[in-house]
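Keep in mind that this is a model prediction, so the values were computed, not measured. Protein chains get the first letters and strands the later ones, always in sequence-line order, with residue 1 at the start of each.
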Number of protein chains: 2
Amino acid sequence: MNLKELSQTLGLSQTTVSRALNGYPEVNGATRERVERAARQFGYRPNVRAKGLATGRALAIGHVIPIGTKPELVNPIFGDFIAGAGETYSRYGYEMILSIIDGRNEEAVYRGLKSRRAVDGVIIHGPRISEPRISLLQEIGLPFAVHGRTGHFDKPFTWLDVNNQEAFREATNYLVDLGHRRIGLVNGPEKLDFAYRRRVGYLEVLNRHDIPVDPALMHSDPMTEDAGYAASRAMLALPDPPTALLCASLVSALGARRAVEECGLFMARDVSIITHDDALSYLQNGGDTPIFTATRSSVRDAGRRLAEMLLEAIAHPEAPPQTEVLKAELVIGQSTGPAPRKD
Amino acid sequence: MNLKELSQTLGLSQTTVSRALNGYPEVNGATRERVERAARQFGYRPNVRAKGLATGRALAIGHVIPIGTKPELVNPIFGDFIAGAGETYSRYGYEMILSIIDGRNEEAVYRGLKSRRAVDGVIIHGPRISEPRISLLQEIGLPFAVHGRTGHFDKPFTWLDVNNQEAFREATNYLVDLGHRRIGLVNGPEKLDFAYRRRVGYLEVLNRHDIPVDPALMHSDPMTEDAGYAASRAMLALPDPPTALLCASLVSALGARRAVEECGLFMARDVSIITHDDALSYLQNGGDTPIFTATRSSVRDAGRRLAEMLLEAIAHPEAPPQTEVLKAELVIGQSTGPAPRKD
DNA sequence: AGCAACAGTCAAAGCGCTTTGGAAAGTGAT
DNA sequence: ATCACTTTCCAAAGCGCTTTGACTGTTGCT
């Protein structure tokens with residue numbers, strides 16, 4: 001059933017039916033009622049392509065995910081993020097289109113999305129410190145919103161981020177207050193902005209307390225269980241091993257815990273662990289009581305919110321870009337304790 | 001730049017330009033060359049909506065993901081699957097559209113995709129044993145392909161599955177051969193077809209060896225770390241605890257390992273663990289040598305392949321539906337060993 | 001009664017593409 | 001020179017929607 005058929009059935013023009021269904025004011029209340037009932041009865045839904053062609057809008061938002069050999073843009077986080085964003089999209093009648101690409105021709109993909117009019121905007125995931133995508137999108141004029149933030153650009157843009165720096169400052173502080181002086185950092189890839197910021201937060205606290213910075217205690221790797229394990233293992237094998245580990249994600253922390261236990265040590269008693277926890281739906285930090293002490297911020301909420309911000313920006317192109325910072329909260333779990341006394 | 005402008009620039013009709021770019025034979029070689037060069041030069045890409053409207057095809061495949069309160073359709077697996085499928089789509093010029101829905105109105109969503117002509121087909125994830133989506137899609141005539149398989153339907157359909165039953169038979173056998181008699185099953189939700197099949201495989205081996213089936217040794221829960229931990233913990237607390245655990249996923253197995261270690265036991269020596277491993281990119285089963293003995297099958301390969309099968313089915317609607325079974329391979333890791341002697 | 005204003009409706013144009021049904025030009029055989 | 005094809009190109013229709021501009025009655029006001 002298309003618009004033409006529906007309007008013929010009703011004995012009305014396409015114009016009137018279209019207006020009735022799209023909530024335009026110049027339609028009689030009774031007529032609108034009748035049209036809506038008929039549409040429901042016949043299961044009429046406007047053809048999304050025809051609508052897009054006529055309006056010039058795509059009613060779709062793109063997410064471009066480069067998949068290299070290394071899983072840098074961590075998969076599970078992405079899953080939760082789009083779950084959140086998807087909720088927003090369906091609430092606003094938008095569609096989410098996903099492009100999985102092999103990483104090399106990223107620029108071509110964005111240009112393609114723009115010139116084919118495939119989407120009204122895109123969300124940028126995992127911004128690096130130096131982020132070529134932003135200037136590219138500004139140049140070609142494709143609306144976008146960034147999950148995370150990044151260095152200085154001439155033109156402002158829409159973004160949403162967690163207060164990574166502050167969160168890791170707080171976490172490091174918590175450890176220092178517990179008496180820890182040797183604190184290992186199991187960070188994510190530091191060319192990603194959020195990882196960089198976390199290290200800055202960590203270093204700030206060390207400096208403030210005159211704790212020497214030891215490069216051997218700072219690892220930066222993909223946030224996998226395996227890498228978390230390897231980094232922790234390496235640090236625990238040092239002559240002067242850390243008594244606390246600061247991890248970038250729950251997955252890394254699982255690896256860290258494995259390393260700790262494999263060394264015959266006990267978490268919390270011998271080695272404290274704090275991790276950032278993205279509150280992923282399938283990988284939770286324990287049930288009622290958190291296992292790991294963690295800086296927690298729901299990435300799903302972030303998705304929900306950033307999608308709203310992008311739709312907002314598309315609807316009001318003239319408005320100045322919005323930015324928002326989500327505060328991660330420090331939750332105390334069973335993975336931290338006072339630094340063991342040296343003897 | 002649109003087709004009209006491009007054709008004017010070239011002094012050709014839209015027809016010829018369109019044909020030249022779409023590889024139709026009735027265009028002079030030289031002309032085609034000229035058109036292609038100009039298209040490249042001006043960055044012309046056909047408007048995807050106009051094209052879809054004109055051809056009646058959407059050039060898009062839908063993935064509908066219900067997100068309830070419980071993460072049943074496990075997130076991380078899904079991530080890898082669509083990464084694989086996405087590779088196929090971009091190779092064939094298709095787009096992937098993702099619908100995140102709240103689970104209650106699934107039927108309405110599929111009907112909507114069909115009537116709005118939003119997609120040319122859909123992929124069905126996580127089929128349950130009794131699967132209403134299949135008859136629905138057959139009824140409304142929306143092409144689909146199923147990741148996994150399920151009970152008997154009058155009309156055949158396209159699916160791709162892992163040989164779950166056989167894989168778990170093999171895994172159980174391996175444990176029995178190692179002398180284990182008390183084998184716990186940390187299964188996924190058994191209303192999902194694959195989990196059901198795995199249990200069948202497990203039970204077959206117990207029966208063949210006259211090992212008594214103990215309901216207390218069979219758990220069926222969402223495949224989270226937490227649930228894996230809880231199930232294992234419960235079984236290890238039994239008066240006659242299992243000496244081996246068979247897990248549904250690597251995430252569950254991480255939980256199982258935590259339970260084992262928390263009981264002061266050693267994996268492999270006291271309790272053997274075998275898990276199914278979906279070869280997820282971000283959560284690998286160890287580096288070079290596998291940590292867990294596992295039945296392994298790449299879910300990303302599955303995505304790649306099933307997407308091909310669906311596109312094939314769409315291109316040839318008259319052909320009989322194809323089905324395919326991927327064989328999971330048993331890889332021996334460090335998590336299994338001979339059953340401890342009772343004394 | 002006469003006129004402006006307005007509510008309610010419609011026909012038709014247009015979005016950017018594909019595809020149908022020719023037409024013009026070229027080719028070789030008669 | 002004529003005919004029968006081919007080859008190469010084109011004008012125009014059509015995909016299903018939105019939106020412009022115009023057309024009817026009604027109503028309200030003088």
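Separating the CZ atom of B/R19 from the C1' atom of D/dA11 is a distance of 12 Å, rounded to the nearest angstrom. Going from atom CG of B/N28 over to atom P of C/dA25 covers 16 Å, rounded to whole Å. Here the P atom of nucleotide D/dC15 and the CD atom of A/Q14 are 11 Å apart, to the nearest Å. Summarising the geometry, the separation between CZ on A/R57 and C1' on D/dC17 is reported as 13 Å, rounded to the nearest angstrom. Note: CG (B/N2) to P (C/dG14) measures 14 Å, nearest angstrom. Rounded to an integer number of Å, the gap from A/L12 CG to C/dA11 C1' is 14 Å. Rounded to an integer number of Å, the gap from B/L59 CG to C/dT18 C1' is 12 Å. The distance from atom CG of B/N47 to atom C1' of D/dC15 is 13 Å, rounded to the nearest whole Å.
Of the residues near DNA chain D, B/L53 and B/T15, the one whose nearest nucleotide (by heavy atom distance) lies more toward the 5' end is B/T15. Annotation: of the two residues near DNA chain C, B/N22 and A/V27, the 5′-most nearest-nucleotide partner is A/V27.
A salt bridge links A/R149 to A/D161: at least one charged side-chain nitrogen sits closer than 4.0 Å to a carboxylate oxygen. B/E87 and B/R91 are not joined by a salt bridge, as no carboxylate oxygen comes within less than 4.0 angstrom of a charged side-chain nitrogen. Contact check on A/R116 versus B/E95 returns a salt bridge, with a Lys/Arg side-chain nitrogen under 4.0 Å from an Asp/Glu carboxylate oxygen. The pair B/E107-B/R111 meets the salt-bridge criterion, since a charged nitrogen lies less than 4.0 angstrom from a carboxylate oxygen.
Annotation: B/R117, atom CZ; neighbour count of heavy atoms from other residues, nucleotides and ligands within 6.0 Å does not exceed 12. Around CD of B/E106, the count of heavy atoms belonging to other residues, nucleotides or ligands within 6.0 Å exceeds 12.
Five base pairs at each end of the helix from C/dA1-D/dT30 to C/dT30-D/dA1 define two local axes, and these are offset by 50° (rounded to 10°).
Phosphate proximity of D/dG16 to A/Y44: absent, as no side-chain N or O sits under 4.0 Å from OP1 or OP2. One finds a side-chain N or O of A/K51 lying less than 4.0 angstrom from the OP1 or OP2 phosphate oxygen of D/dT18. Distances shown here put every side-chain N or O of A/Y24 at or beyond 4.0 Å from the OP1 or OP2 atom of D/dT20. Dashed line: the shortest gap from a side-chain N or O of A/S13 to OP1 or OP2 of C/dA11 is not under 4.0 Å.
Of the residues listed (B/W159, B/F81, B/F78), the one engaging B/H147 in a ring-ring contact (aromatic ring centres under 6.0 Å, His included) is B/F81, and it is the only one.
B/G29 comes within 4.0 angstrom of nothing in the nucleic acid, heavy atoms only.
Side-chain atoms of B/S18 and base atoms of C/dT19 include no donor and acceptor less than 3.5 Å apart.
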Look for any protein N or O under 3.5 Å of an N or O in nucleotides 24-26 of chain D and output each such pair with its distance, or none.
none

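Ring planes of B/Y94 and B/Y89: tilted class, angle from 30 to 60°.
Residues B/F42 and B/E5 form no side-chain contact, since every pair of their non-hydrogen atoms from C-beta on lies 4.5 Å or further apart.
Side-chain N or O atoms of A/K4 include none that pairs as donor or acceptor with a backbone N or O of A/Q14 at under 3.5 Å.
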